[in-house]
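Heavy-atom basis, side chains included; hydrogens, waters and symmetry copies ignored. Each chain gets a letter, A, B and so on, in the order the sequences are listed, and its residues count up from 1.
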Amino acid sequence: GENVEQHPSTLSVQEGDSAVIKCTYSDSASNYFPWYKQELGKRPQLIIDIRSNVGEKKDQRIAVTLNKTAKHFSLHITETQPEDSAVYFCAAKNFGNEKLTFGTGTRLTIIP
Amino acid sequence: GAVVSQHPSWVICKSGTSVKIECRSLDFQATTMFWYRQFPKQSLMLMATSNEGSKATYEQGVEKDKFLINHASLTLSTLTVTSAHPEDSSFYICSARDRPVETQYFGPGTRLLVL
């Protein structure tokens, strides 16, 4: 089955700087890659997703890049703000499977 | 946007009792619902996948007789933790999607504490 690795597990960034979180996946048939943000005690919220026919997608300060050959994808947050502090999870899914496989999460702390 | 509700948000029960958690999609039809369990500072662990009108598919290691899942309608799925024990204490989160859309939308979670 699919295996998703996520790094780093914790990340501290000065406010205004950029943050990058990386994930690798094992199943070359995976074609859908969402990123979720989870604040303490709350539900995971989808912040951006990408499909395998696209190499990059951007939404304001958030971008995701996908390298299908290397089987890795990354989340980029620019001009970080204190409200970006949360746990971020990457996930992968292939077309023939119902379920998402999640990474282990990255705790992002923005230092004011 | 797609909204998923979950009830109750908190439950405290005695060991040996059963607890039912409801997951509802409020503004879309959820052809597929998922139940996850999350321990503190850990990732989301999928327990089971349920399609409306079908039996749930459980992940390896999840006892189907202990965690009963019913997906009787396109807007409601329930998880019943039978004969709960302290080790069942956790944060239970559901999610829902409307095929063929890939996106899963999560409920707010239910925190279960078994004494």
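Residue A:K93 touches chain B through its side chain alone, counting heavy-atom pairs closer than 4.5 Å. Using a 4.5 Å cut-off between heavy atoms, B:T103 touches chain A through backbone and side chain atoms alike. With a 4.5 angstrom heavy-atom cutoff, A:P34 does not touch chain B via any of its atoms. For a residue to count as touching a neighbouring chain, one of its non-hydrogen atoms must lie under 4.5 Å from one of that chain's; by this rule B:Q42 touches chain A with the backbone only.
Between A:P44 and the options B:Y36, B:Y105, B:F106, a side-chain contact (heavy atoms from CB on, under 4.5 Å) holds for only B:F106.
No continuous path of ILVMFWY side-chain contacts below 4.5 Å connects A:L66 to A:F89, so the two sit in separate hydrophobic clusters. Using a 4.5 Å cut-off between side-chain heavy atoms of Ile, Leu, Val, Met, Phe, Trp and Tyr, with links allowed through other members, A:F33 and A:L46 fall into different hydrophobic clusters. A:Y32 and B:L44 fall within a single hydrophobic cluster, where Ile, Leu, Val, Met, Phe, Trp and Tyr are joined by side-chain heavy atoms under 4.5 Å apart, directly or via other members. In the hydrophobic clustering of ILVMFWY residues, with side-chain heavy atoms under 4.5 Å counting as a link, B:I93 and B:V81 come out apart. Note on B:M33 and B:Y92: separate hydrophobic clusters, where clusters join Ile, Leu, Val, Met, Phe, Trp and Tyr whose side-chain heavy atoms are under 4.5 Å apart, directly or indirectly.
For A:Q60, the CD atom sits in a loose shell: 12 or fewer heavy atoms of surrounding residues, nucleotides or ligands are nearer than 6.0 Å. More than 12 heavy atoms of other residues, nucleotides or ligands shown are found within 6.0 angstrom of CD on B:E59. For B:K66, the NZ atom counts as densely surrounded, since its 6.0 Å shell holds more than 12 non-hydrogen atoms of other residues, nucleotides or ligands.
When B:Q104, B:R111, B:Q6 are compared by the number of non-hydrogen pairs under 4.5 Å with chain A, B:Q104 comes out ahead. Looking only at heavy-atom pairs under 4.5 Å with chain B, the residue among A:Q45, A:R51, A:K42 that has the most is A:R51.
Inter-residue side-chain proximity for B:T57 and A:E98 is flagged as unmet; no heavy-atom pair is nearer than 4.5 Å. The closest side-chain heavy-atom distance from A:D49 to B:E102 is not below 4.5 Å. Put simply, the side chain of A:Q38 reaches to within 4.5 Å of the side chain of B:Q38, judged on heavy atoms.
The two residues A:R43 and B:G107 come nearest to each other via the heavy atoms CB-O, 3.0 Å.
A donor-acceptor pair is defined here as one N or O able to donate and one able to accept, closer than 3.5 Å; such a pair exists between the side chain of B:S43 and the backbone of A:G103.
Taking NZ of B:K41 as the reference point, atom CG of A:L40 lies at 9.5 Å (rounded to 0.5 Å).
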